[in-house]
Amino acid sequence: MATKTSRTTAVAAAALMVLAGLTACGGDSGSGTGSEGGDTAMTFWHNSTTGDGKAYWEATVAAFEEENPGVTISIQSIQNEDMDGKLQTALNSGDAPDIFMARGGGKLADVVDAGQALDLTDVVTDETRAALGEAAFNAFTLEDKVYGMPLSVLPGGIYYSKDLFEQAGITGTPTTMAELTDAVAKLRAADIEPIALGAKDAWPAAHWYYFFALRECSPETMAEAATSKDFSADCWTAAGDDLAEFSAEEPFNNGFLTTSAQQGAGSSAGLLANHQAAMELMGAWQPGVVADLTPEGEPLDDLGWFPFPAVDGGEGEAGAMMGGVDGFSCSAQAPAACGDFLNFVAGKTYQEGYAEAFQTLPANQEAQGVVTDPALLEVLAAYNEAPYVSLWLDTMYGANVGNALNTGVVNLLAGGGSADDIVAAVATAASRE
């Protein structure tokens with residue numbers, strides 16, 4: 001088991017993913033190697049409870065079972081907001097699913113430290129490594145060992161309705177916070193809710209703080225904090241002050257503190273999908289979520305995207321992005337067929353299907369040609385040009401610090417806390433690790 005010091009050093013190394021080119025050569029790793037011996041049964045947890053995503057996993061599992069006689073996979077789909085808690089309970093009880101969602105960083109490091117994840121270093125095929133590239137694996141690599149298979153890259157930014165922008169007389173997309181504040185005022189004047197926010201689930205609210213921190217803090221400061229858990233640098237407080245100042249402009253939808261993120265038409269994603277709000281700050285999973293929540297269950301025709309605006313005087317680079325890499329890991333006691341399945345779904349054919357089903361960016365570089373959604377193409381272009389990409393802060397710094405961040409940001413937005421309170425809560429959470 002890794003020591004805490006060596007683990008956090010490894011997390012820091014993976015926290016800032018310097019971008020390589022998003023084109024590469026490599027074979028289709030979707031053929032699978034099969035599972036030798038007797039019958040094998042596995043359990044599989046994912047977070048696609050409806051629509052094309054759920055159907056994709058059912059079809060993909062069926063295809064793998066057909067190609068690997070004797071292997072059966074029992075699927076359980078769990079609502080995204082419930083996944084982390086249920087998974088942690090299952091891992092701690094010794095009754096973990098064989099295949100489970102993972103997002104890397106400090107959260108995965110905690111699972112690895114507890115001996116609950118399988119080392120996949122020698123399981124990932126050369127074909128898979130070539131097709132996905134090392135940058136995609138960084139979030140799942142600890143002490144030079146791989147513990148997860150990346151399936152999608154999910155940089156964040158602001159999604160918006162082009163139609164509602166036009167109604168409000170907004171030309172172009174904001175590139176600075178002053179321009180974003182001006183857009184909020186124009187939308188309010190046109191009787192349009194400017195920004196949807198699902199603060200009931202906490203993490204969407206915390207994303208606003210994360211992005212202000214990305215703009216205020218240097219990449220070195222953010223990476224160092226992953227190791228030291230020292231958040232005393234002025235930029236952490238500045239990020240909270242930025243959010244408090246922006247919040248004073250009343251940019252968020254009425255009732256945002258009790259609005260959920262992705263469940264139904266009344267959620268923040270649903271408000272954007274149904275033209276009840278003009279913008280939402282989210283990751284690259286957003287087009288798929290929004291599509292499921294439109295009246296027709298189809299992609300939103302006028303959906304656009306722009307990077308989080310620049311902040312005056314910040315130490316972060318203006319083109320830097322923040323996001324995650326969604327993937328899957330195998331539990332420590334999973335059979336060899338678990339690794340076969342991960343290589344199977346990382347192949348070009350199934351990554352193309354994944355990108356289409358979830359309306360997202362596949363990790364397999366050979367499959368990225370299937371991306372046609374205009375908003376995602378804008379994300380991909382920005383991703384190609386970004387000087388660096390940081391992991392989501394709750395992923396980078398682990399569950400304890402992440403939960404403190406989430407709670408502190410909601411308290412600030414509710415008028416019950418300050419930027420100093422956020423930093424103090426984070427420091428307290430870090431000291432308990």
Side-chain angles (χ1 to χ4, degrees), residues 11-12 14-17 84 103-107 139 153-159 177 180 195 197-199 201-219 221-226 229 231 233-247 251-252 256 261 268 279-286 306-311 314-326 379 382-383 386 388-413 417 419 421-423 425-427 429-430:
V11 174
L16 294 171
M17 300 174 283
D84 281 356
R103 295 184 171 109
K107 286 185 177 181
V153 290
L154 301 165
I158 298 179
Y159 290 84
M177 285 308 301
L180 181 61
I195 300 173
L197 178 60
D201 292 321
W203 59 266
H207 280 183
W208 282 91
Y209 177 86
Y210 297 176
F211 273 89
F212 277 122
L214 180 70
R215 294 288 180 257
E216 289 285 3
C217 297
S218 70
T221 296
M222 297 184 78
E224 169 61 23
K229 298 298 174 69
F231 297 91
D234 291 343
C235 65
W236 297 109
T237 303
D241 289 336
D242 289 340
L243 178 56
E245 181 180 352
F246 183 60
S247 178
F252 305 122
F256 70 89
S268 56
M279 293 178 272
E280 187 177 18
L281 175 63
M282 273 290 154
W285 59 81
Q286 179 78 335
F306 59 92
F308 194 86
V311 173
E315 296 180 4
E317 295 190 40
M321 299 182 76
M322 178 174 288
V325 182
D326 270 6
V379 176
Y383 189 84
Y388 55 89
V389 178
S390 169
L391 285 174
W392 303 115
L393 297 192
D394 55 347
T395 301
M396 186 193 303
Y397 300 140
N400 290 338
V401 170
N403 289 338
L405 276 171
N406 294 354
T407 300
V409 170
V410 172
N411 286 341
L412 181 148
L413 293 176
D421 292 332
I422 293 174
V423 175
V426 166

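Residue indices begin at 1 and follow the sequence shown. The figures here come from the full heavy-atom set of this structure, side chains too, leaving out hydrogens, waters and symmetry mates.
In this structure a side-chain-to-backbone donor-acceptor pair under 3.5 Å is present from Arg215 to Ala320. Here the side chain of Tyr383 pairs no donor or acceptor atom with the backbone of Leu154 at under 3.5 angstrom.
Side chains of Trp203 and Trp392 form no contact here, defined as non-hydrogen atoms less than 4.5 Å apart. Residues Leu391 and Arg103 fail the side-chain proximity criterion, which asks for heavy atoms closer than 4.5 Å. With contacts defined as side-chain heavy-atom distances shorter than 4.5 Å, the pair Val426/Trp236 does not qualify.
Looking at residues two or more places apart in sequence or on another chain, you find a side chain to side chain donor-acceptor pair (under 3.5 Å) between Asp421 and Ser418.
Summarising the geometry of Ala205 relative to Ala199, their closest heavy-atom pair is CB-CB, 4.1 Å, with the distance given to 0.1 Å. When all heavy atoms of Pro219 and Tyr388 are compared, the closest pair comes out as CD-OH, 3.4 Å.
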>> Would Leu243 and Leu413 count as a side chain to side chain contact (heavy atoms under 4.5 Å, CB included) here? Give the steps.
In response: CA-CA 8 Å; Leu243 178 56; Leu413 293 176; 4.1 Å; yes
>> Between His207 and Phe308, is the side chain to side chain contact (heavy atoms under 4.5 Å, CB included) condition met? List the steps.
In response: CA-CA 11 Å; His207 280 183; Phe308 194 86; over 6 Å; no
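Checked against Tyr210 for a side chain to side chain contact (heavy atoms under 4.5 Å, CB included), the options Leu405, Thr395, Leu281, Val409 give a single hit: Leu405.
Aromatic ring pairs are classed by plane angle as parallel below 30°, tilted from 30° to 60° and perpendicular above 60°; the pair Tyr397 and Phe231 is perpendicular.
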